[in-house]
Amino acid sequence: MDQESAAASGASLISLTEHEQRYYSGLRALCQADAPGKLSSSKVAELFKASQLPPESLHKVTEVCGAKHLGYFGTAQFYIALKLLAAAQSGLPVRLESVAGNLPLPRFAGLKNEPEMRYAAAPPASDPQGAPVGSVAWNAADRGSFRHLEANTDKKPEPWSPPRSPCGSPPRSPLTYRSYPYSKQRNGVDAQIPYDGKLSSRSIVQPEQHSSPGHYVNKLAAEHPAVAQASSAERLNQPATLSYSDDDPWRITAEQLDYYTNQFKILQPDLGALILGAVAKNFFTKSKLPIPELSHIWELSDVDRDGALTFTEFCIAFHLIVARKNGYPLPESLPLTLQPAPAQHPEERFPDTPESSEPLIVFEDAALRSCQVVKDPNSVARLDPTLASRKQDLQEESLNQDGSVTRLGSSREKPALQLGAFPEKPEPHQDLDPQTRTKTRQRSYSSTSIDDAIKKAEEPPTPPPRPQKTHSRASSLDLNKLFQQGAPGVKSGWLLPPPALPPRPSASQVPHFLKVSEQASQSKVQQPNFADFSHFREEGGGLQEESGVKREEQGLASRFGLSSEDLGSTSQQDVSCTPHGQVPQKPIRRKYHPESQSLETGAPPPPMPFLPPAKTSQKLLSRQKREIQMAIRKNRETNAVLRRLNSELQQQLKVVHQERVTLESQLELLRPLAST
Amino acid sequence: MAVCIAVIAKENYPLYIRSVPCQNELKFHYTVHTSLDVVEEKVSAVGKSLADQRELYLGLLYPTEDYKVYGYVTNSKVKFVIVVDSSNTSLRDNEIRSMFRKLHNSFTDVMCNPFYNPGDPIQSKAFNGIVSGMMVQTG
């Protein structure tokens with residue numbers, strides 16, 4: 001038909017996507033004039049007005065498209081004009097160059113004809129996913145025009161199939177024609193055309209989209225096996241097992257996945273390994289797609305930008321090639337359903353056989369992601385700039401979730417030592433929750449944060465009990481000793497403190513201690529200990545030590561069991577012990593001064609001065625020896641504790657160092673290059 | 001925002017040149033060509049030291065009355081040249097560096113594509129997209 005040839009020629013001047021083609025054909029049908037090949041200028045003018053562009057642009061459009069020159073709107077001019085209208089509506093200058101790019105469909109307001117309205121409702125251009133909407137619209141539309149279009153579009157691809165630019169992909173014959181003659185026709189075409197890449201695949205195609213699968217899909221299914229056999233006889237990558245029963249052409253079905261897996265194995269037996277770029281290039285070149293398109297497919301599918309294809313990437317590339325061969329235009333970016341799971345990352349992902357990998361890919365992307373996360377939580381998330389940032393976040397979160405889970409487990413088991421000595425801020429404790437922190441940070445803080453939390457939980461309640469345990473005993477002992485021994489008791493009491501003396505060695509501390517303890521009443525020996533304890537950990541420790549030789553070890557143990565503060569205190573006490581051992585008894589005396597005062601109202605001062613002169617220098621010596629021995633034992637214990645503390649701190653230091661290094665490297669990346 | 005972006009191969013032939021369309025493109029081609037001399041000069045100036053120490057970012061190659069030209073050389077002697085409008089004074093050195101970094105990254109991606117033969121003109125859509133993002137947006 002004249003119109004069709006004109007349409008073909010017109011369409012050949014500029015490249016139209018199938019969607020645009022349908023739209024324009026519909027519009028052209030709308031503007032049909034009496035004379036074949038010419039469109040009614042009045043209706044065209046009406047259409048142009050409906051595009052809501054200023055009259056100057058409309059004039060320009062008319063001029064540019066050549067209608068002015070010709071004097072009428074031929075199909076070609078009409079199409080060009082529509083393209084220019086679209087360009088003008090999207091803000092581009094009205095020139096022929098603007099026509100070359102992918103433009104949205106021109107929008108026409110106020111059109112009463114149904115098909116146009118529907119077209120207008122389906123805006124996205126050159127998107128196969130947009131086609132379903134359009135195709136849905138078709139159902140109720142005018143069959144007559146459809147048939148007409150059908151004939152047009154069916155023939156149009158023929159001249160187009162040979163070399164195509166990605167812009168103008170071979171149109172899909174509109175699926176909606178469930179009209180029997182059409183499918184018959186297609187079948188006929190199918191039988192006639194030898195299986196050769198585009199043509200036959202084009203005839204097969206047509207997938208999806210769509211709205212009324214019904215017998216249409218059955219026909220498709222019938223065609224597939226036949227074609228499948230033909231394809232397998234042919235080159236490798238013409239799968240033809242495209243059961244586009246899904247609505248989404250970009251979803252990989254199970255059989256497709258099987259096919260891809262087999263192909264992958266042929267190229268690379270190990271499913272977990274990579275296919276090198278050169279190998280993939282040779283393989284995909286067999287598909288006879290033009291190199292620029294293959295290049296584009298590569299760009300889309302190599303998501304980690306490593307120049308090689310993992311199994312997933314290979315499937316993506318293969319799928320894109322298959323889709324392209326079947327006439328789908330290449331998308332500018334990877335369709336959502338085709339994107340690999342965010343947590344997914346190459347190598348370690350697919351050590352398994354296809355059976356196990358299959359369920360991972362076939363299903364929805366969300367399921368895919370969850371499967372992937374479950375499967376390999378520890379894979380490194382390489383940040384890929386091309387992927388959506390949300391994917392990265394998902395990746396990191398999933399990784400961190402898993403990382404934090406493992407960290408928490410390990411840290412809880414950790415123990416025992418509870419040498420999280422330095423009170424970490426509550427911050428690291430919170431780090432575990434948001435799970436947005438890096439692994440390293442979790443690693444570094446987990447143990448300390450948990451210990452810290454434990455400590456913190458324990459701190460408020462413990463100080464009171466701790467002193468009670470020890471100090472009650474201590475105090476009772478002291479009391480007993482003091483009471484029993486009287487002056488000698490006092491002496492012994494005095495002797496005791498030297499090892500037990502306030503952790504902060506210096507005698508200066510002693511007066512401190514003294515003052516504080518002095519304030520305590522006799523009955524409240526324990527309480528001043530509490531108070532002291534809260535202020536000076538060492539004091540509590542010191543008091544514990546005072547309790548007696550035997551108590552010391554128990555006190556140490558209990559202290560260890562309690563918190564690092566105790567450790568700190570004991571360490572300090574130990575530190576102080578030795579000097580105290582050397583320190584003359586005078587401070588001891590002073591220390592006990594308040595004690596004795598609190599305990600015995602009266603007395604102590606007189607006995608104190610007695611000590612040095614009278615008696616028991618020998619007793620003192622023996623006591624001292626014992627004291628010193630106890631002190632040595634305690635020192636050893638605290639040394640051990642300190643060593644443990646030290647090692648843990650060293651570990652923390654290493655972790656922090658690592659963190660620092662990573663941060664520095666990141667900073668260097670961000671910082672501008674230093675100028676030479 | 002650049003007015004012209006060019007990628008020159010090691011043998012000093014262009015792999016990719018894109019200018020803002022509405023201006024005289026020949027002028028930019030000529031500018032880029034002459035800037036190659038400056039690049040060579042800068043590169044050879046550091047010739048004594050090892051290539052590692054040589055800075056990739058060359059900085060302002062030379063200013064003219066209308067625009068400024070910045071250069072960047074990769075380790076494989078592929079040169080990137082960015083021509084910037086002089087009136088666009090707000091562009092800081094950091095921004096130029098980041099532009100070069102982006103260019104370098106997408107150039108690497110193009111190189112990784114096995115379907116790209118080194119020495120061919122660059123026809124990657126992704127690369128085009130990145131460059132468009134950096135060019136001055138004209139109506």
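Letters A, B, ... mirror the listed sequences (proteins, then strands); counts begin at 1.
Between L294(A) and I321(A) there is a side-chain heavy-atom pair separated by less than 4.5 Å. Here the side chains of L300(A) and H296(A) are in contact, with some heavy-atom distance below 4.5 Å.
The aromatic ring centroids of Y260(A) and F264(A) lie 6.0 Å or more from each other. Ring centers of Y67(B) and Y62(B): at least 6.0 Å apart, outside the cut-off.
Looking only at heavy-atom pairs under 4.5 Å with chain B, the residue among S295(A), A280(A), A278(A), A308(A) that has the most is S295(A).
For S301(A), there are no side chain to side chain donor-acceptor pair (under 3.5 Å) partners two or more places apart in sequence or in a different chain.
Proximity to chain B (any heavy atom under 4.5 Å) is shown, for L309(A), by neither the backbone nor the side chain. Contacts of D120(B) with chain A are absent, with no heavy-atom separation under 4.5 Å from either backbone or side chain.
Chain A is approached within less than 4.5 Å, heavy atom to heavy atom, by no residue from residues 25-35 of chain B.
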### Query
Taking it one step at a time, do K125(B) and E299(A) satisfy salt bridge (Lys or Arg N to Asp or Glu O under 4.0 Å)?
CA-CA 9 Å; K125(B) 283 188 191 167; E299(A) 278 182 1; over 6 Å; no

### Task
Step by step, work out the ring-ring contact (aromatic ring centres under 6.0 Å, His included) result for F127(B) and Y116(B).
CA-CA 12 Å; F127(B) 191 79; Y116(B) 171 77; 9.3 Å; no

